[in-house]
Amino acid sequence: MDFQLSDDQRALRSGMRDLLDAVFDRDRMRAAVERGGTLDRSLWRELGAAGFFALRLPEEAGGVGLGLPEAVLLFEEAGRALLPGPLVATHLAAGLVKGAAEGEAVVTAVDGDLPVAHLAEADAVLVGADALAGEPLRAFVAAARPVRSMDPLTPLHRAGADTGARAVSGPEGARAATERTTAHAERIRFEGALLTAAEQLGSAARTTETAVQHAGDREQFGSPIGSFQAVKHLCADMLARTEPARAAVYAAAVTGDPVEIAAAKLLADEAAVRNARDCLQIHGGMGFTWEADVHLHLKRAWLRSAARLGGAAAEELLAAGLGAARPYPGSSAASGRGAPEAGGGG
């Protein structure tokens, strides 16, 4: 089986990179930071017109008709550009919430007990496989309170206890929607985790590029700092984290297997967070300043790593999947020999 990107997939990724370079360059990103992460609705509509949100909808439903592997490529580019907003939730809501596919509606999502991103600007909120809109949404927003976010591009609100569950089960909520199967809700959950992992992958790749470029440009003692072994090792470690994460994310997009998605999310989270930290280290004192962009990648990576199948949940799922695997031939488990006691030195 050939896992190389096809020419069409490469063109799709290149086209999205060109679009984001044009509509969300550094000046527009910094403008978004200055206005506290408030969404640019015109940018949202441009993404919708480009098919970002409707990518996986069937053509007969007004979508592009592509699959999860192609969606991963677009979200990787979004992560690379630090594109703000509830991109994953709006993409998942295409076909469920009116206007989401076209970028006319902003859709955020409830993710367990975590604060909800961009709630004040949302036209709908995903709760599992259901969508809150209208009066239930207004009640949900009224019960929430703003909380301080570490990422200046991601405003957060803490939802009231059980507010989402009450809103979904309420008379205007979406009783018909609650009849959706648990399997459908789980599919949305894991697809959201994979798309978040793709964003993390894009951020990890971008910080690697940024670190290597700075290491080549910055000079100390008459030489580029990239010629020093310690800096070389940091850059090499960044690449060594990014490429396995890329392989895991791309493979999980093909299989859609929950265990592979959990592994991909763990690898992508580690790559995004640790690469941003190493990039900041390579930038030295300048990396800590507000004017540098490195800290923005680090803060976003921290937020994403806790969201949509966070570390502990992904580890539990991965461990359960490994426990269900057949023992390797010749191993102690296969032969019935017990493992040595802890500290036995065997």
Side-chain angles (χ1 to χ4, degrees), residues 3-5 10 13-14 17 20-21 25-26 29-30 33 72-73 75-83 150-153 196-252 260 262-307 310-312 314-315 318 345:
F3 282 101
Q4 296 294 322
L5 298 182
R10 293 179 188 276
R13 181 174 64 179
S14 176
R17 182 172 298 190
L20 293 179
D21 286 344
D25 57 13
R26 188 177 186 276
M29 180 186 71
R30 281 293 172 170
V33 170
V72 158
L73 297 177
F75 276 83
E76 181 182 350
E77 291 303 314
R80 184 179 182 276
L82 265 182
L83 193 63
M150 71 175 74
D151 178 13
L153 287 167
T196 304
E199 289 182 297
Q200 293 282 64
L201 171 61
S203 179
R206 182 59 175 265
T207 51
T208 300
E209 296 167 7
T210 302
V212 170
Q213 180 179 355
H214 183 76
D217 294 341
R218 175 69 171 167
E219 292 190 359
Q220 286 288 343
F221 308 109
S223 300
I225 63 172
S227 65
F228 304 144
Q229 190 175 52
V231 176
K232 288 180 181 179
H233 285 180
L234 284 176
C235 292
D237 287 344
M238 293 171 74
L239 184 64
R241 285 189 287 265
T242 302
E243 292 310 308
R246 186 188 308 281
V249 170
Y250 286 6
E260 294 193 14
K265 181 65 162 52
L266 283 171
L267 287 171
D269 285 343
E270 180 186 26
V273 172
R274 294 187 62 184
N275 281 16
R277 292 171 67 95
D278 284 351
C279 182
L280 193 148
Q281 180 72 25
I282 290 171
H283 276 72
M286 186 179 71
F288 288 88
T289 63
W290 184 255
E291 290 74 17
D293 296 336
V294 184
H295 69 95
L296 297 175
H297 277 279
L298 179 57
K299 292 169 182 175
R300 184 75 63 82
W302 274 332
L303 278 186
R304 288 197 195 113
S305 64
E315 288 168 356
L318 186 58

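Counting begins at 1 with the first residue of the sequence. Everything quoted here is computed from the prediction, not taken from an experiment.
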Set of salt bridge (charged side-chain N to carboxylate O under 4.0 Å, His left out) partners for [X], sequence neighbours left out:
{"X": "Arg80", "result": "Glu209"}
{"X": "Arg26", "result": "Asp293"}
{"X": "Arg304", "result": "Glu199"}
{"X": "Arg274", "result": "Glu270"}

With sequence neighbours excluded, residues passing side-chain hydrogen bond (donor to acceptor under 3.5 Å, both in side chains) with Ser203: His297
message: Checking His214 now: which residues fulfil side-chain hydrogen bond (donor to acceptor under 3.5 Å, both in side chains) with it, not counting sequence neighbours?
response: none
Mind checking what makes side chain to side chain contact (heavy atoms under 4.5 Å, CB included) contact with [X], not counting sequence neighbours?
{"X": "Ala252", "answer": "Leu194, Glu260, Ile261, Ala264"}
{"X": "Gln213", "answer": "Asp217"}
{"X": "Asp25", "answer": "Asp27, Arg28"}
{"X": "Ala263", "answer": "Leu318"}

What I'd like to find out is whether the side chain of [X] reaches to under 4.5 Å of the side chain of [Y], using heavy atoms alone.
{"X": "Leu5", "Y": "Leu73", "answer": "yes"}
{"X": "Tyr250", "Y": "Leu201", "answer": "yes"}
{"X": "Arg246", "Y": "Glu76", "answer": "yes"}

query: Within a reach of under 6.0 Å around CZ of Arg277, are more than 12 heavy atoms found that belong to other residues, nucleotides or ligands?
result: no
Quiz: residues 278-291 side-chain donor-acceptor pairs under 3.5 angstrom, not counting sequence neighbours:
from	atom 1	to	atom 2	distance (Å)
Asp278	OD2	Arg241	NH2	2.5
His283	ND1	Cys279	O	2.9
Thr289	OG1	Met286	O	2.7

Measuring from [X]:[atom1] to [Y]:[atom2], what's the distance to the nearest 0.5 Å?
{"X": "Leu153", "Y": "Arg30", "atom1": "CG", "atom2": "CZ", "value": "8.5 Å"}
{"X": "Thr208", "Y": "Met238", "atom1": "OG1", "atom2": "CE", "value": "4.0 Å"}
{"X": "Asn275", "Y": "Leu234", "atom1": "CG", "atom2": "CG", "value": "10.0 Å"}

Nearest heavy-atom pair of [X] and [Y]: which atoms, and what distance?
{"X": "Leu267", "Y": "Ala248", "answer": "CD1-CB, 3.7 Å"}
{"X": "Ala215", "Y": "Pro224", "answer": "O-CB, 3.7 Å"}
{"X": "Leu296", "Y": "Val33", "answer": "CD1-CG2, 4.2 Å"}
{"X": "Pro152", "Y": "Lys299", "answer": "CD-CD, 4.2 Å"}

task: Provide the full list of side chain to side chain donor-acceptor pair (under 3.5 Å) pairs with a residue in residues 224-238, sequence neighbours left out, each pair given once.
output: none
message: Taking Leu20's backbone N and O only, do any of them form a donor-acceptor pair with Glu77's side chain (distance below 3.5 Å, no angle check)?
response: no
task: List the steps, then state whether side chain to side chain contact (heavy atoms under 4.5 Å, CB included) holds for Val249 with Lys265.
output: CA-CA 8 Å; Val249 170; Lys265 181 65 162 52; over 6 Å; no
